[in-house]
Amino acid sequence: MLNAKQTQTAIAIMGEIFPNAKTSLVADSPFHFLLAVILSAQTTDKAVNRLTPALFARYPQPIDLAQADEAEVRSLIKTIGLYRNKSKYLIACAQGLVTKFNGQVPQTRSELLQLAGVGQKTADVVLAECFQIPAIAVDTHVSRVAKRLAIVPKNANVLQIEHTLMKKLPQSSWIAAHHRMIFWGRYQCMARQPKCSTCPLLEICSAGKGLIKKGAAK
DNA sequence: ATCCCGAGGG
DNA sequence: CCCTCTGGAT
């Protein structure tokens with residue numbers, strides 16, 4: 001496993017390659033950003049950004065979405081995966097905002113987790129992006145990158161990954177590290193055919209050489 | 001552990 | 001064709 005210092009070095013190198021890593025989801029308010037993050041589950045941010053302008057215009061505030069017709073919401077998000085579940089989550093989430101939080105997006109993890117469709121990853125992303133509260137959201141990219149680099153064991157679950165990263169990285173770097181690992185996973189260390197042969201982390205990576213040998217990497 | 005699920009890339 | 005995408009609920 002990489003120790004804390006090695007982990008910080010790896011994150012720093014990611015930052016050299018992707019100095020402008022940040023969220024790609026587009027939203028004009030915490031409420032709308034929360035909706036975008038819920039929609040982004042198992043879906044590319046590009047696909048989410050394509051439909052959110054119409055969705056946000058139709059439902060400007062939580063109260064509007066809380067009273068929405070589910071079929072109409074579904075038709076607005078039908079171009080992304082899991083749209084039936086997500087349309088229910090969006091409405092129930094907005095209802096939760098209205099009834100529990102006076103229509104405001106809460107700023108603590110425990111409160112965010114009370115909302116429909118909001119799990120640990122979504123809560124962490126909202127805390128970090130909307131309120132600058134240090135968090136490390138663990139998604140498919142963070143999970144894959146952390147495992148390949150052996151920052152965490154291969155069998156680690158999401159909670160273990162988050163805690164290990166928080167332990168190995170200074171709190172002041174959590175939010176940036178999250179974005180760097182996302183970009184790393186998206187553009188360098190992709191799930192399929194990662195760019196191992198030209199990767200600046202190849203020497204310290206547990207997975208890279210094996211992936212090249214198997215022909216699974218470029 | 002299983003289900004949900006369209007669109008884009010290889 | 002197959003795999004993957006900033007997961008969450010049951």
Side-chain angles (χ1 to χ4, degrees), chain A residues 11 14 18 20-27 30 32-52 54-55 70-71 73-96 109-130 133-148 152 155-162 165 174-197 207 211 214-218:
Chain A
I11 299 296
M14 293 178 195
F18 299 111
N20 299 317
K22 58 178 174 55
T23 185
S24 306
L25 294 171
V26 179
H32 284 162
F33 188 78
L34 171 60
L35 300 185
V37 180
I38 292 173
L39 289 171
S40 72
Q42 298 289 277
T43 305
T44 61
D45 54 353
K46 203 176 292 185
V48 173
N49 288 333
R50 203 176 307 135
L51 65 84
T52 44
L55 183 75
E70 188 183 327
V73 175
R74 196 183 301 149
S75 72
L76 285 167
I77 69 171
K78 205 168 172 53
T79 55
I80 59 173
L82 315 180
Y83 66 89
R84 273 187 281 261
N85 283 338
K86 287 174 183 175
S87 56
K88 290 176 185 162
Y89 293 158
L90 291 187
I91 295 172
C93 178
Q95 291 171 343
R109 177 173 329 197
S110 61
E111 289 175 313
L112 283 164
L113 290 175
Q114 294 173 30
L115 296 165
V118 178
Q120 187 185 333
K121 176 258 175 178
T122 298
D124 282 345
V125 171
V126 169
L127 290 174
E129 181 66 24
C130 297
I133 295 170
I136 301 181
V138 178
D139 63 356
T140 182
H141 294 306
V142 173
S143 175
R144 180 179 63 254
V145 170
K147 288 177 181 179
R148 282 181 175 165
V152 303
N155 62 346
N157 64 36
V158 170
L159 198 59
Q160 293 167 332
I161 295 171
E162 176 173 15
L165 286 169
W174 289 356
I175 295 177
H178 162 72
H179 286 131
R180 289 175 186 183
M181 293 180 79
I182 299 286
F183 271 58
W184 200 254
R186 190 180 290 167
Y187 302 115
Q188 175 73 28
C189 189
M190 303 92 79
R192 280 203 291 180
Q193 292 196 293
K195 301 176 180 175
C196 298
S197 59
L211 289 170
K214 278 198 303 187
K218 282 200 258 189

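The chains referred to below are lettered A, B, ... by the order of the sequence lines, with proteins before strands, and numbering in each begins at 1. Remember, predicted model here, so these are calculated numbers, not experimental data.
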Open item on the list: If I take atom CZ in residue A/Arg50 and atom P in nucleotide C/dT6, what distance separates them, rounded to the nearest angstrom?
Closed with: 12 Å

Open item on the list: What is the distance, to the nearest angstrom, from the CG atom on A/Asp45 to the P atom on C/dC5?
Closed with: 12 Å

- [ ] For the side chain of A/Leu82, starting at C-beta, report the closest nucleotide among C/dG7, C/dC5, C/dT6.
- [x] C/dG7

Task: A/His178 vs C/dT6: side-chain N/O to OP1/OP2 distance below 4.0 Å - done: no

TODO: Choose from C/dT6, B/dG10, B/dG6 the nucleotide whose nearest atom is closest to any side-chain atom of A/Thr44.
DONE: C/dT6

- [ ] Check A/Arg144 against A/Met190 and note the closest heavy-atom contact, atom names and distance.
- [x] NE-C, 3.5 Å

TODO: Round to a whole Å and report the spacing from CE of A/Met190 to C1' of C/dC2.
DONE: 16 Å

Open item on the list: Any carboxylate oxygen within less than 4.0 angstrom of a Lys/Arg side-chain nitrogen, looking at A/Arg186 and A/Asp139?
Closed with: no

Task: Candidates C/dC5, C/dT6, C/dC3 - which lies nearest the side chain of A/Asp139 - done: C/dT6

Open item on the list: If we ignore hydrogens and angles and just use 3.5 Å, is the side chain of A/Lys121 paired with the main-chain N or O of A/Ala41 as donor and acceptor?
Closed with: no

Open item on the list: Students often get this wrong, so: under 4.0 angstrom with heavy atoms, is A/Ala191 touching a base, only sugar-phosphate, or nothing?
Closed with: sugar-phosphate

- [ ] Taking only the side-chain heavy atoms of A/Asn85 (C-beta and beyond), determine which of C/dT6, B/dG6, B/dC4 contains the nearest atom.
- [x] B/dC4

- [ ] Starting at atom CD1 of A/Ile91, determine the distance to atom C1' of C/dA9, rounded to an integer number of angstrom.
- [x] 17 Å

TODO: Send over the distance from A/Arg186 CZ to C/dC5 C1', rounded to a whole Å.
DONE: 9 Å

Open item on the list: Using heavy-atom distances to pick each residue's nearest nucleotide on DNA chain C, tell me which of A/Leu115 and A/Thr23 is more 5'.
Closed with: A/Thr23

Open item on the list: What's the closest nucleotide to the side chain of A/Thr43 if the choices are C/dT6, B/dG6, C/dG7?
Closed with: B/dG6

Open item on the list: In whole Å, I'd like the distance from the CZ atom of A/Arg74 to the C1' atom of B/dC5.
Closed with: 13 Å

Open item on the list: Return whichever of A/Lys78 or A/Lys218 has its heavy-atom-nearest nucleotide of DNA chain B closer to the 5' end.
Closed with: A/Lys78

Task: Distance between P atoms of C/dT6 and B/dT2 (Å, rounded) - done: 25 Å

Open item on the list: From C-beta outward on A/Thr122, which listed nucleotide comes closest to its side chain: C/dC5, C/dG7, B/dG9?
Closed with: C/dG7

Open item on the list: Mind checking if A/Val118 touches a base, just sugar-phosphate, or nothing, with heavy atoms under 4.0 Å?
Closed with: sugar-phosphate

- [ ] With the side chain of A/Tyr83 defined as its heavy atoms from C-beta on, choose the nearest nucleotide among C/dA9, B/dG6, C/dC5.
- [x] B/dG6

- [ ] Using the P atoms only, state how far B/dC5 lies from C/dT10, rounded to an integer number of Å.
- [x] 15 Å

Open item on the list: One pair to check against side-chain contact (heavy atoms from CB on, under 4.5 Å): A/Leu112 and A/Val126. What are the steps and the verdict?
Closed with: CA-CA 9 Å; A/Leu112 283 164; A/Val126 169; 4.2 Å; yes

Task: Separation of atom CG in A/Asn155 from atom P in B/dA1, rounded to whole Å - done: 12 Å

- [ ] Look at the side-chain N and O atoms of A/Arg144 and state whether any lies under 4.0 Å from the OP1 or OP2 oxygen of C/dC5.
- [x] yes

Open item on the list: Show the nearest heavy-atom pair for residues A/Lys195 and A/Tyr187, with the distance to one decimal.
Closed with: NZ-O, 3.4 Å

Task: Nucleotide B/dG9, atom C1' - distance to OH of A/Tyr187 in whole Å - done: 14 Å

TODO: Report yes or no: do A/Lys46 and A/Ser24 form a side-chain donor-acceptor pair below 3.5 Å?
DONE: no

Task: Closest nucleotide among C/dT6, B/dA7, C/dC2 to the A/Arg192 side chain - done: C/dC2

